[in-house]
Colleague: 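Here it is: the structure, laid out below.
Computed from a predicted structure; not experimentally measured. Every chain is numbered from 1 and lettered A, B, ... according to where its sequence line falls, protein lines coming before strand lines.
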2 protein chains.
Amino acid sequence: MQKYYQKIKNSSLFYGITDSELDRMLECFSATIKKYEEGDLIIRQGDIVTKIFLILEGEVNIEKDTYWGRRMIIQKLHANNNIGLSLVASKNVESNINAICTTDTLVLILNYEKCTRMCQNACSHHGALIDNLFKIISKENIELIEKIENISQKTIRDKLLTYLSNESIKNKSNTFEINFNRQELADYLNIDRSAMSFELSKLKQEGFIDFNKNKFKLKVEI
Amino acid sequence: MQKYYQKIKNSSLFYGITDSELDRMLECFSATIKKYEEGDLIIRQGDIVTKIFLILEGEVNIEKDTYWGRRMIIQKLHANNNIGLSLVASKNVESNINAICTTDTLVLILNYEKCTRMCQNACSHHGALIDNLFKIISKENIELIEKIENISQKTIRDKLLTYLSNESIKNKSNTFEINFNRQELADYLNIDRSAMSFELSKLKQEGFIDFNKNKFKLKVEI
DNA sequence: ACATTTCTGTTGTAATTACAACAAAAGGAA
DNA sequence: TTCCTTTTGTTGTAATTACAACAGAAATGT
């Protein structure tokens, strides 16, 4: 645990918490660290989730398999994103998603009730923690809406331009690197990979974008 | 305010709160009531939202206009849903959506900080309120994922069957009424209305579903 | 370096969809 | 009722997409 202190301390969940309180809180929250390997499932469809997971390191895809067996990537999560919070807070809800590690991943596991309820110890900054928790779940919410915007476009071209434009805004630059490989991006945008590749090439040829591997440049204002 | 007490008391935000505490809390949260008429915008794209809105009565669509001018319905909200929580909690984020009333609507407006931070008055059930707030935002989260599932299907037929199946599950019955009219449903599923009507007719003819106006019956297991 | 596997791009074709234009039905107002 | 408006259903056509099959490039392991 000790060796992860710095990471935990710098996580957005514990932003604004002093060192001594962090100690007390981690104990109070029955915090544990868990390492997952690439390909491991942190949560699977149907699970009743009882703990919340804060990603300290690594990448996790939130996925779902369609009735027809196609993979659907809902989100790609990183350090400081949480997994399971909305499931635990909803109480006794079966998970509707898989959380699968796409890299080796380090996770902080916490007790939800202890996080949301003020404890006897009355850590004085517990309020800040609750606030951080709201911030984290809200950010997730806003990203889901952004994803809906991306995939709600009618054509492959419009989906790509909307997605790239949103990435550009998030990176505050017209050049940026994306975390998806082509198949993942297709599964995220719910389009055929080959048709997507074709459209990317066309957009490049027409001078709207440029790209090399996962580095993209947006040459137009959307 | 007095005349809305019963509604407020029965809202999921104040579930588990005693009457006397409700009084104190409403004062503490600077709670106000506002009536909107059909067509009114509660939040518009670009707004910096500073209050949270709890729907007591009515229906509100969360919408977004695409760059190309098409309407996108993200969610339809009802009594006990909140509007703006994820925007306020994210702090100084411009709204990426419009919240538009599709009926006359009654809303309870609250101060976010007062809700999430324990107050001096230390209302003893403030913890329950925070818990309720997490439950509300989590439910929204899960519904967004459900919507993503609906619109991530490849064909109009699959989108319809997935949507109807999810509605059926939510209603715990294979017969149910939907809140969307045909154009709204098409805007929610991001498909062409006429093509959707055609597919609905085909599904009915083939015996998979039955419907009359907005009453649907699902005759197959998805 | 080499072999092998994975990832990305390209092309043709069949299937699906959007769109427009119109018909039919339902709902509202005078 | 009748007229008018809104909503829903139907059809044909052009545009878009999925899918399969394959080629080339890049990454990986030995």
Colleague: Figure out the CG/C1' separation between A/N214 and C/dC7, and round it to whole Å.
Modeller: 11 Å

Colleague: What contact category does A/L200 fall into here, base, sugar-phosphate, or nothing, at under 4.0 angstrom with non-hydrogen atoms?
Modeller: nothing

Colleague: Nearest of D/dT11, C/dT17, D/dA18 to any side-chain atom of B/T155?
Modeller: C/dT17

Colleague: Taking CG from B/D192 and P from D/dG9, how many angstroms apart are they, rounded to a whole number?
Modeller: 13 Å

Colleague: In a check of side chain to side chain contact (heavy atoms under 4.5 Å, CB included) between B/I33 and each of B/L56, B/I109, B/L26, B/V107, which one passes?
Modeller: B/L56

Colleague: Please pick, from C/dG9, C/dT8, D/dT11, the nucleotide with the shortest atom-to-atom distance to any side-chain atom of B/F198.
Modeller: D/dT11

Colleague: Drop me the distance from B/E143's CD to B/S138's OG, to the nearest 0.5 angstrom.
Modeller: 11.5 Å

Colleague: Please give, in whole Å, the distance from C/dT16 P to B/K159 NZ?
Modeller: 14 Å

Colleague: Does B/R193 place a side-chain N or O at less than 4.0 Å from the phosphate oxygens OP1/OP2 of D/dT8?
Modeller: no

Colleague: In this structure, how many angstroms lie between the P atom of D/dT7 and the CZ atom of B/F211, rounded?
Modeller: 17 Å

Colleague: From C-beta outward on A/A195, which listed nucleotide comes closest to its side chain: D/dG9, C/dA18, D/dA18?
Modeller: D/dA18

Colleague: Could you check whether B/N181 gets within reach of a base, just the sugar-phosphate, or nothing at all, counting any heavy atom under 4.0 Å?
Modeller: sugar-phosphate

Colleague: Side chain of A/K154 only, please: which of C/dT11, C/dC19, D/dT8 is the nearest?
Modeller: C/dC19

Colleague: Between atom CD1 in A/I191 and atom C1' in C/dA15, what is the gap in whole Å?
Modeller: 18 Å

Colleague: Taking only Lys NZ, Arg NE, NH1 and NH2, and the carboxylate oxygens of Asp or Glu, determine whether A/R70 and A/D65 approach each other closer than 4.0 Å.
Modeller: no

Colleague: Report the distance from atom CG of A/N212 to atom C1' of C/dG9, rounded to the nearest whole Å.
Modeller: 14 Å

Colleague: Counting side-chain heavy atoms from C-beta on, which of D/dA18, C/dT8, D/dG9 comes nearest to B/S197?
Modeller: D/dG9

Colleague: Could you tell me the separation between the CG atom of B/L203 and the P atom of D/dT10, rounded to a whole number of Å?
Modeller: 12 Å

Colleague: Which one, C/dA18, D/dA18, D/dT8, comes nearest to the side chain of A/I156?
Modeller: D/dA18

Colleague: Send over the distance from A/E199 CD to C/dT10 P, rounded to a whole Å.
Modeller: 12 Å

Colleague: Under the 6.0 Å and 45° cation-pi test, does A/K147 pair with A/Y188?
Modeller: yes

Colleague: For B/K91, does the NZ atom have more than 12 heavy-atom neighbours from other residues, nucleotides or ligands under 6.0 Å away?
Modeller: yes

Colleague: Report yes if at least one side-chain N or O of B/K213 is closer than 4.0 Å to OP1 or OP2 of C/dG27; otherwise report no.
Modeller: yes

Colleague: Ignoring hydrogens and angles, answer whether the base of D/dA18 and the side-chain atoms of A/S194 contain a donor-acceptor pair closer than 3.5 Å.
Modeller: no

